[in-house]
Every structure is written in C-alpha cells, then in structure tokens.
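Only one structure is covered here, and it is reproduced in the block below.
When a ligand or atom number is given, it counts from 1 through the structure's own listing order. All values derive from a computational prediction rather than experimental measurement.
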Amino acid sequence: MTLTLNSPCDMHLHVRDGAMLANVAPISSAQFAAAVIMPNLLPPILNADDALAYKDRILAITGESFLPLMSLFFSPKLTLQEIRHAKNAGIRLTKLYPQGVTTNSAKGIREILCEENLQIFENLQNEGFILCIHSETNGFVLEREHDFLPILAEIARSFPRLTLVMEHISDARSLEVVQSFPNTFGTITLHHLLFTLDDLLGGALNPHVFCKPCVKLPRDMQALRDVAFSGNPKFCFGSDSAPHLRTHKECSQCGAGVFSAPVALSALAELFENHGALQSLSAFVCENAPKIYHFTPPQKAVQLRKARFDVAEEYGGVVSLFAGKSLSWILCD
Ligand code: NCD
Ligand code: ZN
C-alpha cells in the first residue's frame with residue numbers, strides 16, 4: 001500500500017546554520033516541497049539581506065526543488081523601508097517572539113502592544129505581510145499560551161487585513177480564538193498531536209519531548225487532533241522540528257525543542273491512519289497552507305509505503321522523535 005502526498009509543506013521549521021544546517025536540511029527537503037524557515041539564529045535574521053544570504057545557504061544544500069519561505073525576526077528594525085525591501089526580495093513573513101519565552105528569543109519583544117509595534121503591524125498589514133507569532137507570555141507554564149490570547153485577539157481585531165498565524169498551538173482554548181477571527185490561522189506540530197505532559201514527565205523525564213510551548217493535557221491533545229483530523233482549513237502542519245545536540249538535551253538546563261523532521265510524514269501518516277483520518281492528511285499537510293499563506297509550492301509528489309521504518313538512534317548527534325523505534329510508513333526513495 002502506498003500513499004502519495006502532493007507538495008507537502010512544513011510551515012514551521014528550524015534548520016539552524018553551518019554544520020547543523022547541512023545535517024538537517026536534507027531530511028526535510030526529502031519530505032517537503034516547502035517550509036517556513038524560522039529566523040531565531042544567533043544572531044537572529046533581522047533583515048532581508050541576511051534572510052536572502054541564509055536562503056542561499058539552505059538552497060546550496062537542498063537544491064531548488066525545495067522552497068524555503070524565509071521569515072524575518074520581528075524587531076524595531078522592521079521599518080517601512082525594510083518591510084518594502086523584504087517584499088521586493090520575495091519575503092512576506094515575519095515571526096514575533098516575546099522576549100525570553102523560548103530558545104534564542106533574548107532579542108524578542110518585551111511589550112507586544114506598544115505604539116512602536118502597532119505602527120509596524122499597520123505597515124505589515126499595508127504591505128501584505130503575514131505575522132507569525134510565538135503566542136506565549138512569561139507567566140505560569142501551563143497558562144502561558146492562554147494568557148497570550150487577549151493579545152492575539154487585540155492584534156486580530158485592530159488589523160483585520162493582517163494575516164496572523166498562531167504558531168504551534170498547544171492549548172484547546174487557542175483553537176476557539178483562532179476560529180473566531182477571519183484573519184487568524186494556526187500551525188500544529190506532530191508532537192502536540194502525539195504527546196501530553198505524561199509523556200514528558202509522567203514517568204522518567206523525557207527531554208526529547210521538551211519544547212515551548214510545552215505539551216499539555218489529554219483534552220488539549222484531543223482538541224488538536226479533532227481539528228487536524230477534520231482537515232479544518234484554518235490549521236496546517238508546522239513541525240517546529242528544532243534540532244539540539246544530544247549533549248544539549250540530555251543534561252541539566254536541557255534546551256527546548258523537539259527534533260521530529262526524520263519522522264514527520266511517517267508519524268503523521270501512522271497517527272492519521274490509526275484514527276481513521278487518513279483522508280484528511282492531505283488537507284492538513286498539503287492543501288491548507290498554500291491557501292492560508294497564498295503561495296504555490298514546487299511540484300513534489302512524495303510517496304510513503306506501508307512498511308517498517310526503523311528510526312535511527314541519532315542524526316548527526318541529534319536525537320529524533322521515535323529514535324530507535326519503528327514506524328509503519330516509510331518514505332519511498
Ligand atoms: C525552538 C528552537 O529550539 O529554536 N524551540 C522550541 O521549543 N519550540 C524555538 C521555538 O519555536 O519556540
Ligand atoms: Zn519553533
């Protein structure tokens with residue numbers, strides 16, 4: 001039995017830079033036609049020139065059959081001139097990180113709704129940009145995403161022509177808010193569809209499922225599954241695959257980020273199949289994203305075969321989800 005996915009897209013991906021980029025980018029480009037590339041490098045990708053140089057480094061590894069959709073790290077440096085420069089360079093995405101909420105977000109925003117940012121939102125709206133948001137506050141860990149919802153709603157109401165993407169939704173209550181505004185959409189990861197707090201710390205602590213926002217309650221996972229399995233057009237797949245070296249995961253001060261790229265499509269196929277939802281996988285991973293973000297991915301027919309996939313213990317020093325385990329769908333060469 002085979003399954004063909006036409007131009008699957010990963011709308012939230014960390015490929016890092018240098019040796020790590022060379023290690024992980026081919027894993028994603030083998031499965032996806034396009035991906036939104038996160039700008040949280042050190043230092044972050046703040047402007048179009050840096051984004052284009054980064055894009056070239058990615059394409060040098062993946063080849064042109066993979067479309068990296070570059071995003072700019074939201075900062076006060078995003079002047080109208082810089083926004084227009086980026087637009088002319090084909091960049092239409094910016095990613096807002098509240099300060100300190102996740103890996104490499106020290107240069108993020110302290111006060112989201114300050115006057116200066118409202119002006120930037122206005123400019124982004126006028127220039128047809130998409131604002132992707134890491135929607136968490138610095139509050140209590142299980143409430144961070146929920147506490148951010150009034151901020152998201154305020155931006156959505158004030159800038160009705162600005163497309164907002166709530167990234168890596170983890171809380172059932174966010175799904176309702178995203179569905180209540182015409183200009184809000186959401187990405188959903190594999191790990192938030194698969195895991196709850198029990199998988200992270202119910203038994204022995206598992207650093208490989210530690211991420212921001214953290215996985216939550218069974219009812220949150222179930223609500224995320226419900227929208228993904230229904231193919232709801234407000235939501236699309238964004239893996240948030242975020243590689244950290246094993247030494248940075250299996251230690252104290254473990255970094256936040258789940259590396260799921262090697263298993264992304266196989267594990268999604270298995271999950272959707274197990275819940276009788278295989279017919280919605282294409283909406284979730286192929287069709288919804290181009291409609292939300294208004295882009296055309298390169299033609300890429302990706303085939304999976306129903307056969308045992310033994311996941312490697314490590315990919316260049318990085319531990320993947322399901323490392324050393326097996327899945328029931330394998331990517332055809
Ligand atoms: C991401 C990373 O490692 O860059 N980590 C994570 O836990 N998701 C950053 C992010 O997307 O929050
Ligand atoms: Zn991320």
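Salt bridge present: R173 and E143 bring a charged side-chain N and a carboxylate O closer than 4.0 Å. A salt bridge is absent between E127 and R92: the closest approach of a Lys/Arg side-chain nitrogen to an acidic carboxylate oxygen does not fall below 4.0 angstrom.
Here the options are L265, L304, D10, the test is side-chain contact (heavy atoms from CB on, under 4.5 Å), and the partner is Q31; only L265 passes. Among the candidates N288, I130, T163, the single residue satisfying the side-chain contact (heavy atoms from CB on, under 4.5 Å) test with F185 is T163.
Look at H244 and you'll find a heavy atom under 4.0 Å from some atom of ligand 1.
When non-hydrogen atoms are compared, ligand 1 lies under 4.0 Å from the side chain of R16 (C-beta onward) but not from its backbone. In V258, neither the side chain nor the backbone holds a heavy atom less than 4.0 Å from any atom of ligand 1. The residue M38 has no part lying near ligand 1, judged by heavy-atom distances below 4.0 Å. Neither the backbone nor the side chain of E167 has any atom closer than 4.0 Å to an atom of ligand 1 (non-hydrogen atoms only).
Close approach of ligand 1 to T103 (heavy-atom distance below 4.0 Å) involves ligand atoms 2 (C), 3 (O), 4 (O), 5 (N). Heavy-atom proximity to A242, at under 4.0 Å, picks out these atoms of ligand 1: 1 (C), 2 (C), 3 (O). Distances below 4.0 Å separate heavy atoms of H12 from the following atoms of ligand 1: 11 (O). Residue H134 has at least one heavy-atom neighbour below 4.0 Å for each of these atoms of ligand 1: 12 (O).
Ring pair F259/Y315 is perpendicular by interplanar angle, where above 60° counts as perpendicular and below 30° as parallel. Taking the six-membered ring where the residue is Trp, F159 and F121 present perpendicular rings, their angle passing 60° and hence far from 30°. Using bins of under 30°, 30° to 60° and over 60° for the plane-to-plane angle, the ring pair Y293/F295 lands in the perpendicular bin. Aromatic ring orientation, H168 versus H12: tilted (interplanar angle from 30° to 60°).
The same ILVMFWY cluster, assembled from side-chain heavy atoms under 4.5 Å apart, contains both L278 and F229. Hydrophobic clustering (side-chain heavy atoms under 4.5 Å, transitive across Ile, Leu, Val, Met, Phe, Trp, Tyr) keeps F129 apart from L80. Follow the hydrophobic side-chain contacts under 4.5 Å out from L194 and you reach L281 in the same cluster.
Neighbouring protein atoms of the Zn ion (ligand 2) (N, O or S, distance under 2.8 Å, waters ignored): H12 NE2, H14 NE2, D240 OD1.
Across all non-hydrogen atoms, the minimal contact from R161 to Q125 is N-OE1, 2.9 Å.
Below 3.5 Å of separation, one finds no N or O of C211 facing any N or O of ligand 1. Not one N or O of Y97 is nearer than 3.5 Å to an N or O of ligand 1, by distance alone. Close N/O approach between D240 and ligand 1 is found [any backbone or side-chain N/O within under 3.5 Å]. Of the N or O atoms in A256, one or more lie within a sub-3.5 Å distance of an N or O in ligand 1.
For H275 and E273, the side-chain atoms include no donor-acceptor pair closer than 3.5 Å.
The protein atom (non-hydrogen) at minimum distance from atom 7 (O) of ligand 1 is K212 N, 2.8 Å. From the protein, the heavy atom lying nearest to atom 1 (C) of ligand 1 is H14 NE2, 3.6 Å.
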Determine, step by step, whether K77 and E82 satisfy the salt bridge (Lys or Arg N to Asp or Glu O under 4.0 Å) criterion, reporting the C-alpha distance in whole Å, the side-chain angles of both residues, the deciding distance to 0.1 Å, and the verdict. CA-CA 8 Å; K77 294 200 164 70; E82 185 49 50; over 6 Å; no

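Residue nearest to atom 10 (C) of ligand 1, selected from T189, N104, T102: T102 (by heavy-atom distance).
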